[in-house]
Amino acid sequence: MTIPPGAPDRAPALELRDIRKSFGAVVALRSGTIEVHAGSIHALVGENGAGKSTLVKIIAGLYRRDAGEFRLESADVDFTSTADSKAAGIAVIYQEPTLFPDLSVTENVFMGRQPTGRFGRIDRNAMRTEVDGLFQRLGVRIDPDRPADGLSIADQQVIEIAKAISLDAKVLIMDEPTAALSGVEVDRLFQIARSLRDEGRAIIFISHRFDEVFDLCDTVTVMRDGAYISTSRIVDTSVDEIVRQMVGRDVTELFPKQETTIGGPLLEVEGLTSAGVFHDISLTVRSGEIVGLAGLVGAGRSEVARAIFGVDHYQSGTVHLNGKPVPAKSPTAAMRLGLALVPEDRRKQGLVLDSSVARNTTLAIREQLAKFGIITSGFENRAARVWASRLEVKTNALSTVAGTLSGGNQQKVVLGKWLATEPTVLIIDEPTRGIDVGTKAEVHRLLSELAGQGMGILMISSELPEVLGMADRVLVMREGRITAEIDRSDATSENVMFAATHAEEQHS
Amino acid sequence: MSTATTTPTSNVTKRLGAIGKARELGILLALVIVVIAATAANPNFLFSADGWRDLLLTPSILVLVAVGQAIVLITRNVDLSVGSVLGLTAYLTGRLFIDFPGIPIIVVFVIAVAFGGALGLINGALVAFAKVPAMVITLGTLYAYRGINVLWTGSDRVNASDLPKSFLALGTEQFLTIPILTIIALVVLVIAGWYMKNTRGGREFYAIGSDPAAAELYGLRVTRRLLTAFVLSGALAGLGGVLYAARYGTINSQAGSGWELDAVGAAVIGGVAIVGGVGSVWGAAIGAVLLLTINRALPILGIPDFWQRAVVGVLIIGAIVLDRVLAVRQKRKLIEARDDS
Amino acid sequence: MSSITETTPAPASVRRYRDYDQPLWKRVLLTREMAIIALLVVVVIIATMTIRGFGQPITLTYLILDVTPILLIALPMTLIMITGEIDLSVASVVGLSSVVTGVLINGGVPFEIAAVVALLVGGIGGAINGFLVTVVGLPSLAVTIGTLALFRGLAVGLLGTTAVTDFPEFWTDLAKAKLGATSIPLAIIPFLVLLAIFAVLLHFTPFGRGIYAIGLSKETAAFSGVDVGRTKFILFVLAGLVSALAGIYYTLRFGSARGDNATGMELQVIAAVVLGGVSVFGGRGALHGVIAGVLLIGVLASALRLANVTSDVINIITGALLVISVVSSSLLAWLRTQRQTPAVKPSAESGAAG
């Protein structure tokens, strides 16, 4: 194991070495190593599935490690609960903040450790005074008495940070805090992070955005496939170097984009609007074309996909498929017309985790499979076997419970389920999130083939290389609006990122 | 925007804060209307010694049980066994007086409350450790506790003549025209209300019910709180059982059967959300009073009392529909407030 | 394309997929349902051998007559609970349909028409539940506690404490009649027909596949074109209709329409359904287990009555069985996870930092 460069004389605030963690047969973390010093901001980067979240959850006391060393300021620790890690001065701000929706903002900051007076009576005035102080310091204007329900993600994160400060946390972990934030909100967050660092706290910052990592952090640790790769000082490294370490190979090799002949329009969306979610969305997907839909998390891309497919409601606008109107609020009707949606959240929306591969694969075609209204396991197995072998799902039996498969194989089952409906247009939301590199390439090859056969594909992706590598045309969304449409030949990470973060100037 | 202060309490949140209280005030108002209407039809409903006493006395025991139920509901659980716990402790009370003549009343109270708490502990332990939904567990113990009661009682029953006069007096006596039972219920209510509002434990009940997963993530002691909630519910049903014995004097094996649904109904009418995190024991208590007062008011208002259960049903459904409408409106306002700022 | 084969762990040969990873006998025998069926068989054998009179045909007759309403209602209840919802109002619908039949007969309406109206009332009651749950979006537990009181209240309100006992003899006899020379009551026929319908609906139709999907993951079901609201609405209406049918049967069987008929039966039905292996979280369960669950409780009650044990002891047994069955299944699940992830102690033995 290489010793991270520039290790100061003081012992690290937090140190983990060769941490192992597996769930059943799946090894989530082979050798997790990180060393963070007080008064510094340390980036933790890696692809999805690299083991970052598992490492964070071990630090937070949510998981117990199977093996490895875990030290806080040179003292060995072993957390059995989140209360332990909290007591030891570790605060974690998750990507999706976890506040109690029914309770007030103030109560959320102090839950479980409210200042108390006589007879254990909570001192509401003291609580309120401290929250006012905290919010003033953080420069936020959130009403401390309102319930947490309905707050924006940015505000919820600020409350989590306030909580961490009032805890006097020595180590602060931020798990992709900027994923859903706008430019102004990111600036505010960075300001806060820097001032916390200057107070001598250690901060771990997890992000996929290299500009942010290089802007904010002092050191960076790279992980890949559940293992530690390297730690370097930001000033000593470059984006290319980090990307190479993260991916472990040349990025351009990943995308087997076939040249296809693009035909007539299949999916036509006109002026789709849902108040407060997205506005005036118009787009077209043609036969044989992969249209990339880029933008930040929270820009409204998934919501548009769900509205087109009929899962969510929308106020105005029209959707046509092959020239026929797709009725609102009816996935069944959309499916019959030839539309398929591979949703964003595989585990919650794509699969019935506790159900078998066979049942999952045939869920969307159960009506077509039935003969005289009757469906049997035999019909299901026959149909499922076709798709399992075509997509090379790695399992022995069709009765295997979907939840026990690896992420990549789960995604294959979801793809099989939707391809079984023989769609003419496939909407696919984050096609490769959280799946291993090998399967990733398989999915990309498959999408490319499908387009080659004349299917129209609308691909939502937060991974820029994927969008740039796969899409014939890139649409960019920001805050519920399409801000740019860029052709494959003109698309670069710079102009896509710019359109995703700056609304004022429209690029094309 | 007005001048920036450190406490930017917006109008929206002020109004929203009022909704919670308004919910309980609304139910109180409904109660007042019922009382006024019944009194107008027959002044004796309120302005007679008996009327006044019955008004206060009748709901007292249900108030206790509903307070316990509200605490459990706030943690996103439910205790269906309260009726059986009440029946079992009521019979236990009778047996104690019969089998140990001269036993001090206070000792009987302590034993019965502890016994109820122990039955609640069994519920809580099964829910918290076996991770089985409270509905199933307490449905099971509803049967089991009632079965034990039947096995123990048989066709026997405790009669008023078996109980000491001083004990029975508790059920009828008054202090400054307020029945002793009502005073006991009020004291419990005030303590429970204070605890739920002002202590860490109380607030954690709300947090757990509001988002159980977040509570685990926070490192709140969820198991311990769940146990506490069920023990409280059991103990209050136990206290209800003693008072039931004092008030009615005769106890057979079916005492308190069906009370579980009245208790849940009272809490729901009083604004306690069945999905947890919302409501107060005050609301539940007022709900209990409203429920039983309507029962007595209906015949006076010329509606045969056979219809009272139908009225209760309409009340419960009305209450949850109202809560739903309020919640949807609150959510919309909060999001609007966010977009405005 | 050489770069791709590099990153893909070469799928050397075409994979073969078996239908099941366990042999048939394991899949059929090692289930929760089979455990209940086995328990039922054991109880029947022991009761026949030790309790005098249990083996006589009359026992079977009364057993079936007694459990038929519960068996009937358990059918739609199973489907509702597999979607993760619950209907506490079923017994009140039994009472209401009984009273409606009685009141109409009193008013001179022919029994046949009265029965149809009662069925209609049950269907409407179910539709009210379904509307409040699926359209208004309220939790079914709260809704059906409300309608439990409402429907019972209407039943009691319509008849007061009186009872209607004047039913056509043809129908009351039919309710108690036996199948030819056997000791099996005729009432078993409509139940068997409904059982066949519900079994096919749940286990062999796309609609049934949707029911399980809703219970396991409502969101995935909705994304897969399962109309969650419509499915639940239909199930609540079915529960209302079948409960009303049970109410009519109940009325004829005892020759009496009363407001308090079948009070508390909802809990018996739910206890039997849960005992039969249906998860309260939804998504799990099968009809044969539920039938065994109902019969198990019925047989125990009947055996104990014959053994002159006070029949109410059945409460303890029902409750204890219910608790043991759910606790044991979560205990088994816990043991399984323990076996899967052997608790390897962290190498660094140390106390938690405090």
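All chains are named by letter (A, B, ...) in the order of the sequence lines, taking the proteins before the strands, and each is independently numbered beginning at 1.
- Neither the backbone nor the side chain of R71(A) comes within contact range of chain C, judged by heavy atoms closer than 4.5 Å.
- For a residue to count as touching a neighbouring chain, one of its non-hydrogen atoms must lie under 4.5 Å from one of that chain's; by this rule A388(A) touches chain C with backbone and side chain alike.
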Candidate pair E219(C) and V311(A), rule side-chain contact (heavy atoms from CB on, under 4.5 Å), full reasoning: CA-CA 9 Å; E219(C) 222 176 324; V311(A) 176; over 6 Å; no

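- Note that CG of L363(A) and CZ of R209(C) are 10.0 Å apart. Values are rounded to the nearest 0.5 Å.
- The two atoms that bring V226(C) and R366(A) nearest to each other are CG2-NH2, 3.4 Å, heavy atoms only.
- Across every non-hydrogen atom of G373(A) and T205(C), the tightest pair is O-CG2, 3.5 Å.
- The nearest pair of heavy atoms linking G225(C) to P331(A) is CA-CB, 4.1 Å.
- Atom NZ of K86(A) has more than 12 neighbouring heavy atoms from other residues, nucleotides or ligands inside a 6.0 Å radius.
- Of the possible polar contacts, one joining the S217(C) side chain to the K348(A) backbone as a donor-acceptor pair under 3.5 Å is found.
- For chain C, the nearby part of R359(A) is the side chain; its heavy atoms alone come within less than 4.5 Å.
- Residues S224(C) and K417(A) bring a donor and an acceptor atom of their side chains to less than 3.5 Å of each other.
- Considering all non-hydrogen atoms of both residues, F309(A) and F223(C) come closest at CE2-O, 3.4 Å.
- For L351(A), the part sitting under 4.5 Å from any heavy atom of chain C is the backbone (N, CA, C, O) and nothing else.
- For the atom pair CG of N381(A) and CG of D19(C), the computed distance is 4.0 Å after rounding to the nearest 0.5 Å.
- Just one of T400(A), N396(A), V393(A) meets the side chain to side chain contact (heavy atoms under 4.5 Å, CB included) condition when paired with Y17(C); it is V393(A).
- When all heavy atoms of R18(C) and R385(A) are compared, the pair lying nearest together is C-NH2, 4.0 Å.
- The shortest distance between side-chain heavy atoms of S377(A) and Y20(C) falls below 4.5 Å.
- Taking all atoms of both residues into account, the shortest heavy-atom contact from S355(A) to L216(C) is CB-CD1, 4.1 Å.
- Of the inter-residue distances, the one linking I375(A) atom CD1 with F204(C) atom CZ reads 11.0 Å to the nearest 0.5 angstrom.
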